[in-house]
Colleague: 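Next up is a structure, given as C-alpha cells.
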Number of protein chains: 2
Amino acid sequence: MKYANQKKLLVAVDCIIFGYDGEDLKLLIIKRPIEPIRDQWSLMGGFVEENEDLNGAAKRILLSLTGLHDVYLEQLHAYGDPKRDSVERTISIAYFALIDIKKYSKQLNNLYHAEWFKLKEVPKLIFDHNQMVTAALDKIRYQAALHPILFELLPKKFTIPQLQALYEQVYDSPIDNRNFIRKITSSGMLIKQNEKDKSNSRRGAFYFKLDKLKHRSQFQSFLNFIPK
Amino acid sequence: MKYANQKKLLVAVDCIIFGYDGEDLKLLIIKRPIEPIRDQWSLMGGFVEENEDLNGAAKRILLSLTGLHDVYLEQLHAYGDPKRDSVERTISIAYFALIDIKKYSKQLNNLYHAEWFKLKEVPKLIFDHNQMVTAALDKIRYQAALHPILFELLPKKFTIPQLQALYEQVYDSPIDNRNFIRKITSSGMLIKQNEKDKSNSRRGAFYFKLDKLKHRSQFQSFLNFIPK
DNA sequence: CCAAAAGTGTTTGTCCTACACCCATGA
DNA sequence: TCATGGGTGTAGGACAAACACTTTTGG
C-alpha cells in the first residue's frame with residue numbers, strides 16, 4: 001500500500017566542507033558541473049538516491065569529492081523554500097564536514113574544479129549556499145564550545161599551538177595561551193607524546209593526541225539553571 | 001530547464017508538540033487518521049505541498065491540529081532512512097513546537113483524536129516517532145540552557161514557582177529555589193507585576209512577564225575556551 | 001492560630017581572567 | 001649568542017552551590 005496522490009519532490013544533500021591545514025580554516029567548493037548555471041561556485045551536493053539514507057548520501061558525495069571515508073559529518077538543517085533552487089524545486093538537507101586538509105587525497109582541478117578558499121575569501125555561491133555556510137559556522141562554534149569536534153580538523157598528532165590557532169580561527173578572536181593551555185589540559189582530553197614538532201620553531205612543540213574516551217561531555221556544566 | 005532523470009521522494013513534516021499546563025510537561029499526539037496503520041498513536045504530520053516551504057508546512061499542520069497561530073516552532077532534524085516509513089519511502093523533516101496548553105483551542109477527541117500525554121507516559125508511536133520525541137527533548141534541554149525558550153510554554157504572566165516547576169520537569173531534576181530565583185532574576189529577563197496568583201497558596205505568588213528585549217544572548221559565557 | 005506555599009542571605013569553593021617572563025634550540 | 005616560538009604561575013574577582021528560616025494569609 002502506498003500514499004495516494006501525494007506530490008513528490010527532489011531531495012538533495014549539500015555538503016559544507018571545512019578544512020584546516022595548520023594555518024587557515026578553509027571551505028571546499030566546486031564549480032557546478034551541470035547545466036544550468038554551470039561553472040558557478042557551489043557547495044558539493046547531489047540528489048538523494050532511492051536506497052540510501054541522508055547520511056549515506058552525504059558520505060557518498062564527500063567520498064566522491066575528497067576521496068575520504070570516515071569524515072566527521074553532521075546534519076545541519078533542511079532548506080525547503082520553494083524558490084531556493086532556481087532550476088527546479090529541491091529540498092536540500094545540508095551537512096557539514098570537518099576534515100584535515102592534509103588527508104585530502106584528490107588532485108585539485110579535477111572533474112569538479114574543487115578549490116579550498118579561506119573562510120573570509122569565499123566567493124558568491126549559487127542559491128542559498130552562502131547562507132548554509134554561515135549557518136554551519138555558527139553551529140560549529142556552538143558545538144565546539146561543548147564538544148571536542150575541532151579535533152576532527154587536525155591530524156591525529158597535533159601541537160597545542162596548532163590547536164590554539166584553530167580555535168582562534170573558528171571564533172575569529174585571539175586567545176591567551178596560558179589560559180588556553182590550562183583549560184585544554186585540565187579537561188584531561190589530551191595525551192602528551194614524546195615527540196616534538198620542530199617544523200615551526202627551534203625549540204619544538206610537543207605533539208598531543210586526543211583521548212576520546214576520557215572526554216566526558218561537558219554539557220552539564222553549561223546548564224546554568226540546573227545544578228550538577 | 002529542469003533536472004533530468006532524478007528520482008523524486010515524498011517529503012513530510014512531523015511535529016513534536018510539547019505543552020505545559022502549569023503542572024506537567026506533555027506531548028500532543030494523535031491517532032493516525034489515514035490508512036494503513038490507521039488509529040495507531042503518531043505525531044501530527046503531513047506532506048509538504050508544492051508551494052510552501054518547510055516552516056510553512058509545519059505551521060499549517062500545527063494550526064490544523066491546535067487552532068494556534070504564532071507557535072514557537074523550530075526545525076529539529078531530517079530523517080531519511082529508506083525504511084523509516086513502512087508504507088512508502090518518505091523523508092521527514094521533524095519540527096518541535098512549544099505551546100501553553102491553556103491556549104490550545106480545539107476540542108479533544110476531534111477528527112484526530114488528539115490527546116496530551118505526560119512525557120513519561122507517552123505510548124509507542126509509529127515509525128521512528130518515539131526517537132524524534134527523544135531527540136526533541138534533548139534539543140530543548142540544550143537550547144533552554146542558553147536561550148529563554150521555555151517561556152514559550154507559559155502564559156504571558158506566570159509565577160516563579162510555575163517557571164521553576166517547568167525547569168524541573170524539563171531537566172527531570174529538583175532545583176534549589178533560592179538559587180533559582182537569584183539566577184533567573186539576575187538575568188534581568190523578568191518584569192515583576194503587581195498582581196498575585198492566589199490559586200496555589202494563601203499568600204499568593206507574584207506574576208512576572210518576560211522582557212524579551214532585555215534578554216541578551218548568554219551564549220558567549222558558555223564558550224569555555226573563548227574569553228569574553 | 002495554624003497549615004501551606006512564597007520568599008529571602010550568607011558562606012564557601014571553584015573557575016575564569018588578566019597579565020609577563022624564562023626556556024630550549026638551531027642557525 | 002641571539003632570534004624565535006614554546007611553555008609556565010599567580011592573584012583577584014565573579015559566579016555557582018549548599019544550606020534553613022521567616023512571611024503571608026485564608027480557613
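Keep in mind that what you see is a predicted model, and the values were worked out from it rather than measured. Here is how names work: the chains are called A, B, and so on, in the same order as the sequence lines, proteins then strands, and each is numbered from 1.
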Colleague: Under 4.0 Å, heavy atoms only, any strand: does Asn179(B) hit a base, just the sugar-phosphate, or nothing?
Modeller: base
Colleague: Within the pair Lys183(B) and dA17(D), is there a side-chain N or O less than 4.0 Å away from OP1 or OP2?
Modeller: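 Answer yes for this pair, as a side-chain N or O of Lys183(B) is under 4.0 Å from OP1 or OP2.
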Colleague: May I ask you to establish whether Lys192(B) and Phe208(B) are in a cation-pi arrangement, using a distance under 6.0 Å from NZ or CZ to the six-membered ring centre and at most 45° from the ring axis?
Modeller: no
Colleague: Could you check which of dC19(C), dG7(D), dT10(C) has an atom nearest any side-chain atom of Asp176(A)?
Modeller: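 Per side-chain heavy atoms of Asp176(A), the pick is dC19(C).
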Colleague: Give the nucleotide from the list dT23(D), dG6(D), dT25(D) with an atom nearest to the side chain of Lys198(B).
Modeller: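 Side chain of Lys198(B) sits closest to dT25(D).
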Colleague: What's the separation between atom OH in Tyr72(B) and atom CZ in Phe96(B), rounded to the nearest 0.5 Å?
Modeller: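 Going from the OH atom of Tyr72(B) to the CZ atom of Phe96(B) covers 5.0 Å.
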Colleague: Could you state the atom-to-atom distance from CD1 of Ile184(A) to P of dT17(C) in whole Å?
Modeller: 14 Å
Colleague: Could you state the atom-to-atom distance from CZ of Phe206(B) to P of dT24(D) in whole Å?
Modeller: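 For the pair Phe206(B) CZ and dT24(D) P, the rounded distance is 10 Å.
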Colleague: Among the candidates dA6(C), dG27(D), dT8(C), find the nucleotide nearest to the side-chain atoms of Asn177(B).
Modeller: dT8(C)
Colleague: Report the distance from atom CZ of Arg203(A) to atom C1' of dT1(D), rounded to the nearest whole Å.
Modeller: 18 Å
Colleague: Rounded to whole Å, please give me the gap between CD in Gln162(A) and P in dG7(D).
Modeller: 11 Å
Colleague: Just checking, any donor-acceptor pair under 3.5 angstrom between side chains of Gln143(B) and Glu74(B)?
Modeller: yes
Colleague: Select one nucleotide: of dA6(C), dG26(C), dG26(D), the one nearest the side-chain heavy atoms of Arg202(B).
Modeller: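 So the side chain of Arg202(B) is nearest to dG26(D).
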Colleague: Within this structure, what is the CG-to-C1' distance between Leu190(A) and dG7(D), rounded to whole angstrom?
Modeller: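 Atom CG in Leu190(A) sits about 15 Å away from atom C1' in dG7(D).
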Colleague: Roughly how many Å is it from CG in Asp197(B) to C1' in dA6(C), rounded to a whole number?
Modeller: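 Whole-Å distance recorded here is 11 Å.
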Colleague: Please round to the nearest 0.5 Å and tell me the distance separating atom CG of Asp197(A) and atom CD of Gln162(A).
Modeller: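 Reported value, rounded in 0.5 Å steps: 6.0 Å.
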Colleague: Atom CD1 of Ile175(A) to atom P of dC16(C): distance rounded to whole Å?
Modeller: 14 Å
Colleague: Give Ile160(B) one of three labels, base, sugar-phosphate or nothing, depending on what nucleic acid heavy atoms sit under 4.0 Å from its own.
Modeller: nothing
Colleague: Say you draw a straight line from CD of Gln131(A) to NE2 of His77(A); how long is it, rounded to the nearest 0.5 Å?
Modeller: 8.0 Å
Colleague: Tell me which of Lys196(B) and Pro161(A) sits closer to the 5' end of DNA chain D, going by the nucleotide each one is nearest to.
Modeller: Pro161(A)
Colleague: Go through dG6(D), dG9(C), dG9(D) for me and flag the one nearest to the Arg178(A) side chain.
Modeller: dG9(D)
Colleague: Write down the distance between CZ (Arg182(B)) and C1' (dC15(D)), rounded to a whole number of angstrom.
Modeller: 10 Å
